[in-house]
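Please read the structure below before turning to the comments.
All figures in this text were calculated on a predicted structure; none of them were measured in a lab.
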Amino acid sequence: MVHGPGDVRVDERARPVPGAGEVLLALEWGGICGSDIAYWKKGASGTAALTHPLVLGHEFAGRVAALGNGVTGLREGQPVTVHPAQLVGDGVLPERIAGRTNLYPRVRYFGSAAFDPHTDGGFSEYRAVPAAQVRPLPDGVGTEQGALAEPLAVALHAVGRAPELRGRTVLVNGCGPIGSLVVAAARYRGAGRIVAADLASSSLAVARAMGADETCDLAAGDRLPEDVDVVFEASGAPAALGPVLRATARGGTLVQVGNLPGTAVAAALGDLVTREITWIGSYRFVEEIDEALLALRDGLDVTPLITHRFPLERAEEALAVAADPGSGSSKVMLRLATGGTVL
C-alpha cells in the first residue's frame, strides 16, 4: 500500500469476502507499471492524487478462491486474470465513439486514485473483484504470463489503431515494457521489418528478444530509419517527436503510445503538415485483453520482458528497481502468494 510520496508499506488487512456477483481471487503474480511508480514517488499519477492509502497494482493474476452468490461459469482453483476497468454510470457513449469504452469519461481502474474513495489494486494476497471483470486463462498460460495480459492488451490496442501492418515496415521508438510489447504485438499482427529504437542497450536487447529485426542505439549515435510506413512512439518524450515524424514516410502513420506531458513543451512538429502524416493517439484498451490471452495461448512469449522478480514483502525494493533507469530492468514482477518461490 502506498501511503504518500516515498511511503510504501506491506500492511495487514482482513481477508475479503466476495459479495453477490463477486469472485475472491488468491493472487499469485503482479507486474509493476509506471503508474505504480508514480504513486510511490510522487503520491500522484497524472491528475489522480492520493487522499488516503491505496493498494497498488492493475496487472495481476491468480486463482479463483471462492465464488459469491450468483456467480456462474467460473470454478474454484481456476487460473484467471482481470480486466481492470469498470465504467461508472450508464456506459452510454456518443455514436462517433460507440464501443470505445476506453474513452468513457468515468472509469474506475484498479490501483487508481482517480476516485475518492480510491480503487484498490491487486498487489495483495487476496482480492474480491466483480465476476464480469474476471478473464479465465487459456490452457497452457500460467499466472505469471496472465499478469502481463493487461499491458499486452495496451500494445495490441495501439497496433490496432494503425493501418494494416501485414508486410509493412514498422518503427517502435522507446522500448520500455510497453514499447517492447508493441514490438511483439506488431510481429503477432504480421508486420514485415520491425526496427526498435531506444537510448538503453538493455531495453534494445529486450526488444530484439520480443521480435525486433533491427535496433537503433540512440545513445551510441545511431539514426532512426527513413520512410517508415508505421511508427509507434512509445517513449513519451517530447524531444522525440521531431525525429520520429521525420522517420515517418510521407503519408505514413504515427501512433502515439507513450504518455506526453500535460503541460506546455517544446517539440518540432513541422513534418506533421508537410509530410501529411496521420498522428493517432492510443489510450489503454477496450477488450483487447481477450485477444492478448489468445495470443499468449498461441505462443506469443512475454517472458523476455521479465527481468526481475521480488516477493511481496520486498515491494519497495521492487519499485526502486523498476524506477531506476540504470538497473537494466524492463518488467519487474511481484510474487503475491506468500511462501511462493521467486524464480
Side-chain angles (χ1 to χ4, degrees), residues 1 10-33 36 54-87 101 107-112 118-154 285-298 300 302-303 306 309-313 315 331 333-343:
M1 296 186 70
V10 179
D11 292 342
E12 293 289 337
R13 281 184 165 184
R15 177 170 165 168
V17 176
E22 290 187 330
V23 177
L24 179 66
L25 301 182
L27 297 171
E28 296 184 357
W29 289 101
I32 292 176
C33 177
D36 301 315
L54 169 73
V55 180
L56 295 173
H58 57 264
E59 304 173 8
F60 54 90
R63 298 177 187 275
V64 174
L67 303 177
N69 289 336
V71 176
T72 60
L74 296 168
R75 66 181 188 279
E76 291 186 13
Q78 186 173 17
V80 298
T81 188
V82 172
H83 191 313
Q86 183 181 46
L87 305 189
T101 52
V107 178
R108 276 195 174 275
Y109 217 79
F110 284 130
S112 169
H118 303 330
T119 308
D120 282 336
F123 288 172
S124 55
E125 293 176 286
Y126 292 92
R127 178 71 160 87
V129 303
Q133 291 177 254
V134 173
R135 299 292 188 273
L137 300 185
D139 291 342
V141 177
T143 55
E144 187 179 41
Q145 292 174 291
L148 297 182
E150 192 272 355
L152 178 56
V154 172
F285 59 95
V286 184
E287 293 296 336
E288 286 89 350
I289 194 168
D290 299 326
E291 183 185 3
L293 292 172
L294 294 177
L296 292 172
R297 180 202 65 186
D298 293 342
L300 192 157
V302 293
T303 55
I306 301 170
R309 298 174 174 90
F310 291 89
L312 181 59
E313 58 267 26
K331 180 58 71 173
M333 303 296 293
L334 285 174
R335 176 65 172 170
L336 303 174
T338 58
T341 301
V342 179
L343 306 177

query = For Val154, what residues pass the side-chain contact (heavy atoms from CB on, under 4.5 Å) criterion, not counting sequence neighbours?
reply =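 So Val154 forms a side-chain contact (heavy atoms from CB on, under 4.5 Å) with Glu150, Ile178, Phe285.
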inquiry  = I'd like to check the side-chain contact (heavy atoms from CB on, under 4.5 Å) partners of Ala315; sequence neighbours left out, ordered by chain and number.
reply    =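 Only Leu334 meet the side-chain contact (heavy atoms from CB on, under 4.5 Å) criterion with Ala315.
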ask   = If you measure from CD on Gln145 to CD1 on Ile306, what distance do you get to the nearest 0.5 Å?
value =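 Separation between the atoms: 8.0 Å.
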inquiry  = How long is the straight-line distance from CG of Leu300 back to CG of Leu293, given to the nearest 0.5 Å?
reply    =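 Reported to 0.5 Å precision, the distance equals 11.5 Å.
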task = Provide the full list of salt bridge (Lys or Arg N to Asp or Glu O under 4.0 Å) pairs with a residue in residues 60-77, sequence neighbours left out, each pair given once.
result =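 Residue pairs passing salt bridge (Lys or Arg N to Asp or Glu O under 4.0 Å), neighbours aside: Glu28-Arg63.
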ask   = How would you list all residue pairs meeting salt bridge (Lys or Arg N to Asp or Glu O under 4.0 Å) that involve residues 14-24, not counting sequence neighbours?
value =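 The answer is none; no pair qualifies.
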task = Kindly indicate whether the side chain of Arg335, heavy atoms from C-beta on, has any atom under 4.5 Å from the side chain of Arg309.
result =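 The answer is no, as the side chains (C-beta and beyond) never meet within the 4.5 Å cut-off.
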ask   = Does Tyr126 have any ring-ring contact (aromatic ring centres under 6.0 Å, His included) partners at least two apart in sequence or in another chain, and if so, which?
value =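 Once residues adjacent in sequence are excluded, Tyr126 has no partner under the ring-ring contact (aromatic ring centres under 6.0 Å, His included) criterion.
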key: Residues which pass ring-ring contact (aromatic ring centres under 6.0 Å, His included) with Phe123, listed by chain and number, not counting sequence neighbours   =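 ring-ring contact (aromatic ring centres under 6.0 Å, His included) list for Phe123, sorted by chain: empty.
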task = Answer yes or no: is there a donor N or O on one side and an acceptor on the other, between the side chain of Thr143 and the main chain of Val80, under 3.5 Å?
result =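 The answer is no, because no donor-acceptor pair under 3.5 Å joins these two groups.
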inquiry  = Strictly distance-based, threshold 3.5 Å: is any side-chain N or O of Arg297 a donor or acceptor partner for the main-chain N or O of Gly140?
reply    =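 Checking the backbone N and O of Gly140 against the side chain of Arg297, no donor-acceptor pair under 3.5 Å is found.
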query = Do you know which two heavy atoms are closest between Ser124 and Leu312, and how far apart they sit?
reply =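 What the structure gives for the nearest pair is CA-CD2, 4.4 Å.
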Under the rule for side-chain hydrogen bond (donor to acceptor under 3.5 Å, both in side chains), what residues qualify as partners of [X], not counting sequence neighbours?
{"X": "Thr119", "result": "Arg108"}
{"X": "Asp11", "result": "His3"}
{"X": "His83", "result": "none"}

Which pairs would a plain distance check flag for residues 65-73, meaning a side-chain donor or acceptor within less than 3.5 Å of a matching protein atom at least two apart in sequence or in another chain?
none

message = My understanding is that only residues two or more places apart in sequence, or in another chain, count here; which of them pass salt bridge (charged side-chain N to carboxylate O under 4.0 Å, His left out) with Arg13?
response =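 Result, salt bridge (charged side-chain N to carboxylate O under 4.0 Å, His left out) vs Arg13: Asp120.
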inquiry  = Can you list everything that forms a salt bridge (charged side-chain N to carboxylate O under 4.0 Å, His left out) with Glu287? Sequence neighbours excluded, please.
reply    =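 If we apply the salt bridge (charged side-chain N to carboxylate O under 4.0 Å, His left out) test to Glu287, skipping adjacent residues, the hits are Arg135.
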